[in-house]
Each structure stands twice: as C-alpha cells, then as structure tokens.
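Okay, so here's the structure we're looking at.
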Amino acid sequence: SRQLWEKASKDIPSNIPYSENIKIRKKKFADFAGAVEFGLLDYQGPQGTKALFNLLRSRYGFSSANNSEGGFERLKQLAILFSFLTRYQPIYQINSLLGQINNAGLTSVTIISGGSGYKEDETPLVRVSSPPYGKNKAEAIAVLGDSGYLSSLELVSSPCTYKYDEPPKVLISEPSIKNENGKISKQATGEAILDTKGILVG
C-alpha cells in the first residue's frame, strides 16, 4: 500500500498549478484509500483483526530477520494503531507487543529464607510465575547448603520477551522431612526484584 501511494504521488506533474496539484492528490488518495479498504475485507471479525495484526508485526516489526533501525518504534506505532479499535481489539497481542518493546527479562532470583529440613539427596523444585502475557517464563534451580537449607537460587533460563508489571512470585517446594529430632522443618522462600523497566535485577 505504501509503495502504491508513493508511485501514485510520483506520477503527478511538478509544473502544474498548486490548486490543480491538490485536486489530483485528493483524487489519487481517494483511490488509494478505496484500495486499502478493499484489501481489508479479508480481515473482518476478531480472527481477521488478529491475523492482520500478526501480518503487520511480522512484516514491519523487529525480528532477527528484520532488525533494521527503528524496529521498536514501528512496533510502538503498531500497538497504538490497533489500540484505537473499538471492536475486536487484539488486547493480548497488543500487550505482548508492548512487552517486547520494553525488552524486559529476568536476570536473577534470590533467597529470602533458606528454610530447613531439606534432604541432601533431594532437589527442591523452584517455580517462577509467568509474566502477564505470553507463555514463556523463567526457570530456576535451588542449590542446597549444609544442614538441610537452601544456600542460593540459580537462574537457568530467562526469556527476555515479556514485561513484568510486578515482581514475579518465586515458589519453592516444601522439605520432605516435616519434623525430626524435635526440629521443625521450614519451607524456603525466594523473591524477585524489578527495576523501572520491569527487568528482574535481583
């Protein structure tokens, strides 16, 4: 569509009066708008809106295949454009796109309390909650210290695609030993810290 409009503009003679130039441009723009409206007939309804969004995102957005300067700005304009829709607004796709623009991801997780009662031969499960949009989430493992407590958490996978609106929850499984020799076992806890861009820094 853009190339069509640029070509039509070049066909306008440069040596004609200004008023005639404007008249021709209005006529060509009306023809151009009609062509765009005709093309959009293939993208009706909620599924059509999502299909159009995904097409424009892949064609003009930022990716490994299209990493030209201004990619993130184009994504921003695309999100703004579709946010004007009053019907069939692709909310999930828009929020996912905004997360990509912010380029937010996890860098680390940390222990609040190491807990107690974890066996030396067991590996506590660590779960980091998913971001608001998208299926990818970070993965972490627990490192056991002496005497059945957790000494640290290590991030093993950190997709940098979606923005966190608030610190994700870090959940650690309970120790298998509940109570032993009069000692009460305690579940370890962890936390995540975000900076102003939604990136986990600690």
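Just the heavy atoms: all of them, side chains too, but no hydrogens, waters or symmetry mates, feed the values below.
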Item to check | Between CD1 on residue I111 and CG on residue L150, distance to nearest 0.5 Å | outcome: 5.0 Å
Checklist entry - Under 4.5 Å between any side-chain heavy atoms of N54 and P90, yes or no? => result no
Item to check | Minimal non-hydrogen separation, G117 against S185, with atom names | outcome: CA-OG, 3.6 Å
Checklist entry - Between L85 and I94, is there a shared hydrophobic cluster once you connect ILVMFWY residues whose side-chain heavy atoms come closer than 4.5 Å? => result yes
Item to check | Main-chain N/O of L41 paired to Q44 side chain as donor or acceptor, under 3.5 Å | outcome: yes
Item to check | Side chains of V109 and V126 in contact at under 4.5 Å (non-hydrogen atoms) | outcome: no
Item to check | Straight-line distance of I16 CD1 to K23 NZ, nearest 0.5 Å | outcome: 10.5 Å
Item to check | Non-hydrogen side-chain atoms of V170 and I112 separated by less than 4.5 Å | outcome: no
Checklist entry - Looking at P124 and A142, what are the two nearest heavy atoms and their distance? => result O-CB, 4.1 Å
Next on the checklist: With side-chain contact (heavy atoms from CB on, under 4.5 Å) as the criterion, how do R57 and L75 come out once you've worked through the C-alpha distance, each side chain's angles and the decisive distance to 0.1 Å?
Outcome noted: CA-CA 7 Å; R57 179 175 182 173; L75 291 180; 4.2 Å; yes
Checklist outcome for this item: Nearest heavy-atom approach of K119 to L144 is O-CD1, 3.2 Å
Item to check | Distance (rounded to the nearest 0.5 Å) between L153 CG and E191 CD | outcome: 10.5 Å
Item to check | Spatial distance of atom CG (L52) from atom OH (Y88) [nearest 0.5 Å] | outcome: 14.5 Å
Checklist outcome for this item: What one should report as the nearest heavy-atom pair of L56 and F82 is CD1-CE1, 3.9 Å
Next on the checklist: Rounded at 0.5 Å granularity, tell me how far NZ in K76 sits from CD in E73.
Outcome noted: 5.5 Å
Checklist entry - Any side-chain heavy atom of T123 sitting closer than 4.5 Å to one from I141? => result no
Next on the checklist: I'd like to know if the side chain of S113 and the backbone of T189 have a donor-acceptor N/O pair within less than 3.5 Å.
Outcome noted: no
Checklist entry - Passes side-chain contact (heavy atoms from CB on, under 4.5 Å), Y118 versus I172? Steps please. => result CA-CA 11 Å; Y118 290 95; I172 303 171; 3.9 Å; yes
Checklist outcome for this item: When rounded to the nearest 0.5 Å, the distance separating CZ of F53 from OG of S58 is 10.5 Å
Item to check | Hydrophobic cluster membership, L125 vs V128, 4.5 Å side-chain cutoff | outcome: no
